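Presented below is the structure to which this report refers.
A note on names: the letters A, B, ... follow the listed sequences, proteins ahead of strands, and every chain is numbered from 1. Side-chain atoms are counted along with the backbone in the values below, which use heavy atoms only and exclude waters and symmetry mates. Being a predicted model, the structure only gives us computed values, none of them experimental.
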2 protein chains.
Amino acid sequence: MYRIGELAQRFEIKTDTLRYYEKHGLLSPSGRSDSGYRLYNDEDEVKLRFILRAKAVGFSLAQIQELLVIDASRAKWACQDVKGIVEKKVVELEQKIAELTQFRDSLQQLADACCGGPESAEHCSILEALEVRQ
Amino acid sequence: MYRIGELAQRFEIKTDTLRYYEKHGLLSPSGRSDSGYRLYNDEDEVKLRFILRAKAVGFSLAQIQELLVIDASRAKWACQDVKGIVEKKVVELEQKIAELTQFRDSLQQLADACCGGPESAEHCSILEALEVRQ
DNA sequence: TTTGACCTTTGACCAAACTCCAAGGTTTAT
DNA sequence: ATAAACCTTGGAGTTTGGTCAAAGGTCAAA
């Protein structure tokens with residue numbers, strides 16, 4: 001059994017983060033000491049590892065919550081349920097990548113069109129492009 | 001001269017957004033009516049177009065603020081100043097794209113390793129991967 | 001015993017970019 | 001005149017994932 005500080009330290013996160021996860025229903029300690037201290041067991045540790053792993057590959061806490069629901073009663077779910085969540089996330093990421101890539105390309109275009117030298121910005125093609133009426 | 005509602009409608013944004021931009025120093029109306037209504041002129045309109053254009057290519061409002069400072073006194077700045085801001089943003093975007101791509105690749109790997117069928121999630125390789133101790 | 005580290009709860013704060021609400025004044029068209 | 005649309009201000013709320021602060025109780029080592 002770990003106290004909150006021990007578990008937090010073990011995973012290099014803040015105690016406040018663990019309290020936050022508890023408050024938001026992600027991970028509650030399996031017990032409390034007589035004085036009210038949170039006590040986390042091995043299963044709690046496994047669950048925290050799960051959460052942090054999922055975060056590390058880009059899942060939001062809400063999405064992790066979904067995965068945790070499945071993980072809690074694995075036999076009641078199918079592999080396609082899990083894979084569905086992951087694939088949905090992949091699509092989401094791909095869309096965001098596409099958007100950011102578009103931003104990047106637009107900006108690269110602007111940058112390429114600019115002389116970038118010490119000339120006065122009076123006639124800067126980037127500034128012009130941002131305010132032209134068309 | 002436009003009142004706030006007219007300008008907002010023209011650019012398909014909320015009046016509250018204009019008030020927000022004013023409060024945060026991005027765009028103040030050039031005048032006020034006797035009753036206190038905001039009055040925006042043609043220059044204000046040009047400036048708003050600039051802001052929205054910059055937003056559309058991914059600049060944050062803080063970054064747009066920087067660009068506006070330059071735009072306000074173009075002769076005092078050089079093309080390289082403007083280009084510098086744009087190039088910095090490009091780098092930022094490239095880093096974010098790289099991060100998201102990594103997420104995507106990790107998740108795609110997980111998805112590929114999963115049968116994704118109706119089999120019980122009891123031994124789901126994705127769930128296993130997320131909680132394995134290693 | 002003492003002291004400092006640790007723990008609790010509650011509620012507020014932070015970031016960024018809006019958006020909403022309430023109370024009340026102004027304008028416009030009927 | 002009337003009613004509805006429009007405007008003002010100030011402050012709070014939303015989202016997401018934390019983080020901080022205050023007040024006070026508990027634990028462990030010296």
Side-chain angles (χ1 to χ4, degrees), chain A residues 1-41 44 47-48 50-68 89 92-93 96 99-100 103, chain B residues 1-41 44 47-48 50-68 89 92-93 96 99-100 103:
Chain A
M1 295 292 249
Y2 308 99
R3 285 198 305 203
I4 194 166
E6 295 170 299
L7 190 63
Q9 186 174 55
R10 189 184 191 84
F11 286 92
E12 295 183 330
I13 60 175
K14 296 284 177 69
T15 53
D16 269 334
T17 303
L18 286 171
R19 289 187 196 100
Y20 180 86
Y21 290 167
E22 181 184 1
K23 186 173 180 180
H24 289 79
L26 286 164
L27 170 63
S28 299
S30 56
R32 293 272 184 153
S33 69
D34 288 341
S35 49
Y37 285 18
R38 290 170 177 78
L39 298 174
Y40 296 88
N41 67 13
D44 297 330
K47 198 172 171 185
L48 178 59
F50 185 101
I51 290 167
L52 297 178
R53 283 264 171 76
K55 263 179 28 81
V57 292
F59 282 110
S60 66
L61 293 187
Q63 291 163 336
I64 293 169
Q65 183 86 296
E66 278 181 56
L67 288 170
L68 287 172
K89 184 66 189 179
E92 202 183 288
L93 285 167
K96 191 66 193 177
E99 185 189 34
L100 295 183
F103 286 168
Chain B
M1 293 294 247
Y2 309 100
R3 287 201 306 208
I4 194 167
E6 294 170 299
L7 191 64
Q9 186 176 54
R10 190 184 190 83
F11 286 92
E12 294 181 334
I13 60 177
K14 297 285 177 68
T15 54
D16 269 332
T17 303
L18 285 172
R19 291 191 193 97
Y20 180 86
Y21 289 167
E22 181 184 0
K23 185 172 180 179
H24 289 78
L26 284 164
L27 170 62
S28 299
S30 56
R32 293 272 185 155
S33 69
D34 289 342
S35 49
Y37 285 18
R38 292 173 174 78
L39 298 174
Y40 296 88
N41 67 13
D44 297 330
K47 198 173 173 185
L48 179 58
F50 186 101
I51 290 167
L52 297 179
R53 281 263 172 78
K55 258 174 36 80
V57 291
F59 282 109
S60 65
L61 293 186
Q63 292 165 333
I64 292 170
Q65 184 85 295
E66 280 181 55
L67 288 170
L68 286 173
K89 184 66 189 178
E92 202 183 288
L93 285 168
K96 190 66 192 177
E99 185 189 33
L100 294 183
F103 286 169

Within less than 4.0 Å of OP1 or OP2 of [N], is there a side-chain N or O belonging to [X]?
X: B/K55; N: C/dA16; answer: no
X: B/S35; N: D/dT8; answer: no
X: A/T17; N: D/dT19; answer: yes
X: B/R19; N: D/dC6; answer: no
X: B/R38; N: D/dT8; answer: yes

- Counting side-chain heavy atoms from C-beta on, which of C/dT27, C/dT8, C/dC18 comes nearest to A/I4?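 In terms of side-chain proximity for A/I4, the closest of C/dT27, C/dT8, C/dC18 is C/dT8.
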- Task: Among the candidates C/dC18, C/dC6, D/dG18, find the nucleotide nearest to the side-chain atoms of A/L61.
- Result: D/dG18
- Message: Return whichever of A/T15 or B/F59 has its heavy-atom-nearest nucleotide of DNA chain C closer to the 5' end.
- Response: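 Its nucleotide being nearer the 5' end, the pick is A/T15.
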Without decimals, in angstroms, what is the distance between [X] [atom1] and [N] [atom2]?
X: A/Y40; N: C/dC7; atom1: OH; atom2: C1'; answer: 11 Å
X: B/D16; N: D/dA12; atom1: CG; atom2: P; answer: 16 Å
X: A/M1; N: D/dC27; atom1: CE; atom2: P; answer: 15 Å
X: A/Y20; N: C/dG11; atom1: OH; atom2: P; answer: 17 Å
X: B/K23; N: C/dC20; atom1: NZ; atom2: P; answer: 16 Å
X: B/K14; N: C/dC18; atom1: NZ; atom2: C1'; answer: 9 Å
X: A/E66; N: D/dT16; atom1: CD; atom2: P; answer: 13 Å
X: B/Q9; N: D/dA5; atom1: CD; atom2: C1'; answer: 12 Å

- Message: Over all strands shown, is A/S33 touching base, sugar-phosphate only, or nothing at heavy-atom distances under 4.0 angstrom?
- Response: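 The answer is nothing, as A/S33 stays clear of every strand by at least 4.0 Å.
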- Task: Please lay out, stage by stage, how B/D44 and B/K47 fare under the test salt bridge (Lys or Arg N to Asp or Glu O under 4.0 Å).
- Result: CA-CA 5 Å; B/D44 297 330; B/K47 198 173 173 185; over 6 Å; no
- Item | D/dA30 pairs with, by Watson-Crick or G-U criteria that keep both distances under 3.5 Å |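 Paired with C/dT1.
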- Is any side-chain N or O of B/Y37 under 3.5 Å from a base N or O of C/dG25, one able to act as donor and the other as acceptor? yes
- Message: Let me spell it out: for each of A/S60 and A/D34, pick the nucleotide of DNA chain D with the closest heavy atom. Which residue's pick is nearer the 5' end?
- Response: A/S60
- Item | Pairwise side-chain contact, A/M1 with A/S30, heavy-atom cut-off 4.5 Å (strictly under) |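 Yes. Closest side-chain heavy atoms under 4.5 Å.
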- Task: For A/L48 and A/Y21, run side-chain contact (heavy atoms from CB on, under 4.5 Å): C-alpha distance rounded to whole Å, both residues' side-chain angles, the deciding distance at 0.1 Å, then the answer.
- Result: CA-CA 9 Å; A/L48 178 59; A/Y21 290 167; 4.2 Å; yes
- Check whether any side-chain N or O of A/K89 sits under 3.5 Å from a backbone N or O of A/F59 as a donor-acceptor pair, and report yes or no. no
- Item | Presence of salt bridge, A/R19 and A/E22, under 4.0 angstrom |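 Result for this pair is no, no salt bridge flagged.
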